[in-house]
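Single-structure report; data block below.
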Amino acid sequence: MFLDLPHHFARLSALLEAERREERLRLEEARGRLSLAEREARGLAVADVEAIEEGALAGRTLVTFARPGRPLGAGRIGVGSVVSVTLRREPRPDAPSGVVARRTRAALAVAFDEPPPDWATDGRVVLELEPSPVTWERLASGIARLRDDKAGRRWHAVLAGAAPRLLPAPRGPALPHALNAEQAAALDLADRAEDVALVHGPPGTGKTTVLVEVIRRAVARGEKVLAAAPSNLAVDNLIERLAAAGLSCVRLGHPARVLPAVLEHTLDALTEDHEASRIARDLVEEAIALRRAASKRKQKRGPGRFSESRAQWRDARALLAEARALEARAEAEVLDRADVVLATLTSLDAPPLAGRRFDVGVVDEATQAVEPAVYLALLRIDRAVLAGDHLQLPPTVLSAEAQAGGLGVSLFERLVPLLGGAGRVTLAEQHRMNERIMAFPSAALYGGALRAHPAAAGRAIDDAPLEVVDTSGRGDEEETPAGSESKQNPGEADLVAIEVRRLLARGLAPEAIAVISPYDAQVQRLRQLLAAEVEGGLEVDTVDGFQGREKEAVIVSLVRSNDAGEVGFLADVRRMNVALTRARSKLVVVGDGATVARHPFYDAFLRHAEAAGAWRSAWERYV
């Protein structure tokens, strides 16, 4: 049965608007209900910072703010965030907004399209997190263009459920590779697809390896390739692999948003030595000098000071506009020479890509993107290869209305039943986990189809690769911290800290260990308990934050412990699938079996652990 696309597009537009409202309401509510100190504690603001440096970034004014002698807080303000500059006690009608371009523990650099007013750089100010309209505008535009434009209408048949169109033979050329049987089948499918191919990659099965081979073949036949993913980390992972394969790659986005290892491939770095960019930098320096002169002239007494100051401001703006035009020319020439252009999905409507099309596009981690985000890629490409795992974490959706309406269903997941086996290959051989760690996720979610590569099957640091520590009856109850909507379990956190120190005492390096939990409040508590170990390289993060990552040893804190047997969003077993598949050699799961076993997935997990000799009673373990 074919999907009613006009209705589908209208529904997605409404759900996007609901999600946008929810984001804005959460920030507005926090600003109205919480004091500045509380907003700082929540990571929504940074107070009492001062401008310590002024420079330029791609034709924009770049102001670096810091609190001399003290680190910054505001965990939710990161690179790419939109912030406004305000005063602590005096609202300003000319409060400027900018985009965070760089972030360290001690300083935060904000890029402004226009130079900010003097008061924003002359004393102590507050940086407040703002909802960014850009992402929502791009997503909404993507829906409208896919619905109406010629480049979008060509995708209507496949999006509505038409059978996949496949060539009788691969396009080639047949380059040497070291793929296993399923990976080779996925490469063959991607090479024959005339519209879209799906590469389903369960944990550790090498879907990114397949994408690299897809791209190598496309470049070898002279095609231009667009590669994208929902997150910066996934894009950086892909560009590292492509650069190692010898391909010419350009990474779009602020240099501060990328891993240091791929900085040399960013558009900014590649245009730095271009003649047009050198001229643009000189113009920006001249514009900054004019701006400073205008400010000084305005403060002096005498006739004409305001008109002269305004003229200098106009000249500065003209110089910045000319600098941006020169930067655009340099960027276009660098992009023309690239084999592969990479960016996050919501960056694909950025100015450097205006008017550009590509022969083929690949989207890694496509199951973590809302459907309209993938539209932004489809609008620029002739053929698509989507890779992901719809049995791991879905797109993040804040609004209950949008979630209920299906915004959390990725395009990949929606196409799985429509395309059927003809349009999808599922990878089966995993290279990450000891086979005893792999066994339960494989049986519970992948029909027992996963197999461990011989090099991974026996990987272990002791004779117990999987251990489940059951805290039932200890009285380690969950709680909700004041002013928070998250959960923590102090008693369970103490036990997790013991487990970390046991692994360290066994000789494992801190950087080889990760502690993950579904709940941010528990993560914060664990970071405090294990502060010294974190300083030494131990990672403590949410399950969501750790998707796509792996460590030699992983300890999972389930948190939930209550008489009602409520498991909250642990009921989304995709989250637990991620948690259980991050460890290479050692997985320790700590939780209250009496609570979580009320859910059939966790009941099956505990039964599996007991049958495998991996179940441990906390009463006996911590005597």
Side-chain angles (χ1 to χ4, degrees), residues 437 440 461-481 484 486-508 510 512-543 546 551-563 565-568 570 575-576 578-580 582-583 585-599 602-603 605-606 608-610 612-623:
I437 298 173
F440 180 75
I461 59 176
D462 59 22
D463 60 359
L466 171 65
E467 293 189 279
V468 178
V469 181
D470 191 342
T471 66
S472 299
R474 278 179 53 93
D476 296 328
E477 295 288 314
E478 66 185 57
E479 60 184 46
T480 303
S484 173
S486 186
K487 300 285 184 185
Q488 67 178 19
N489 189 320
E492 185 174 295
D494 292 338
L495 302 185
V496 170
I498 293 172
E499 294 296 333
V500 169
R501 288 163 186 148
R502 281 184 174 178
L503 291 174
L504 293 171
R506 197 171 292 168
L508 216 57
I513 307 170
V515 178
I516 59 178
S517 175
Y519 291 94
D520 184 64
Q522 184 79 337
V523 167
Q524 300 306 323
R525 188 171 189 90
L526 286 164
R527 284 176 179 165
Q528 293 170 1
L529 278 176
L530 295 162
E533 290 82 359
V534 168
E535 191 71 25
L538 171 76
E539 286 197 55
V540 182
D541 206 345
T542 60
V543 175
F546 212 72
K551 287 285 185 176
E552 207 62 43
V554 173
I555 301 169
V556 180
S557 174
L558 297 181
V559 178
R560 300 311 298 257
S561 179
N562 55 74
D563 293 336
E566 294 177 355
V567 296
L570 285 183
R575 183 166 279 104
M576 189 49 50
V578 172
L580 297 179
R582 301 303 98 196
S585 303
K586 178 79 171 182
L587 172 65
V588 181
V589 180
V590 183
D592 181 349
T595 296
V596 300
R598 310 277 188 96
H599 188 284
Y602 297 95
D603 179 56
F605 176 55
L606 290 167
H608 168 86
E610 191 167 8
W615 183 87
R616 312 280 186 263
S617 168
W619 288 97
E620 297 172 1
R621 193 172 180 86
Y622 308 110
V623 292

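By convention here, the first residue in the shown sequence is residue 1.
Nearest heavy-atom pair across Ala579 and Val556 is O-CG2, 3.8 Å. The two atoms that bring Arg616 and Ala464 nearest to each other are NH2-CB, 3.8 Å, heavy atoms only. Nearest heavy atoms, Pro518 versus Ser557: CD-O, 3.1 Å. A pairwise comparison of heavy atoms in Gly568 and Tyr519 identifies CA-OH, 4.1 Å as the closest pair. Residues Asp603 and Ala597 approach most closely at CB-O, 3.4 Å, considering heavy atoms. Ala618 and Arg474 make their closest contact through CB-CD, 3.5 Å (heavy atoms, listed as atom of the first residue, atom of the second, distance).
The shortest side-chain heavy-atom distance between Ile461 and Leu503 falls under the 4.5 Å cut-off. No side-chain heavy atom of His599 sits less than 4.5 Å from a side-chain heavy atom of Arg560. Between Leu606 and Val596 the shortest side-chain heavy-atom distance falls below 4.5 Å. The side-chain heavy atoms of Leu580 and Phe605, taken from C-beta on, include a pair separated by under 4.5 Å. Side-chain contact between Leu495 and Val469 is absent, with no heavy atoms from C-beta onward closer than 4.5 Å.
For the atom pair CZ of Arg621 and CG of Asp470, the computed distance is 12.0 Å after rounding to the nearest 0.5 Å. The line from CD of Gln488 to CG of Leu526 is 9.5 Å long, rounded to the nearest 0.5 Å. Arg598 contributes atom CZ, which lies 9.0 Å from atom CG of Asp592 (distance to the nearest 0.5 angstrom). Considering CD1 of Ile516 and CG of Asp541, their distance stands at 8.5 Å, rounded to 0.5 Å. Separation of atoms CD (Glu539) and CZ (Arg527) is listed at 9.5 Å; rounding is to 0.5 Å. Within the model, atoms CG of Leu504 and CG of Leu538 stand 7.0 Å from one another, a figure rounded to the nearest 0.5 Å.
Counting only distance, with no hydrogens or angles, the side chain of Glu492 and the backbone of Leu558 share a donor-acceptor pair below 3.5 Å. The closest donor-acceptor contact from the side chain of Ser472 to the backbone of Ala594 lies under 3.5 Å. With Asn489 contributing its side chain and Asp476 its backbone, the two residues share a donor-acceptor pair below 3.5 Å. With hydrogens and angles ignored, the 3.5 Å screen pairs a side-chain donor or acceptor of Thr595 with a backbone N or O of Asn562. Listed for the Tyr602 side chain is no donor-acceptor partner under 3.5 Å among the backbone atoms of Val567. Between the Arg582 side chain and the Val578 main chain, a donor and an acceptor come within less than 3.5 Å of each other. Looking only at distances, no side-chain donor or acceptor of Glu533 sits under 3.5 Å from a matching main-chain atom of Pro510.
Under the 4.0 Å criterion applied to side-chain N and carboxylate O atoms, Glu499 and Lys586 are not assigned as salt-bridge partners.
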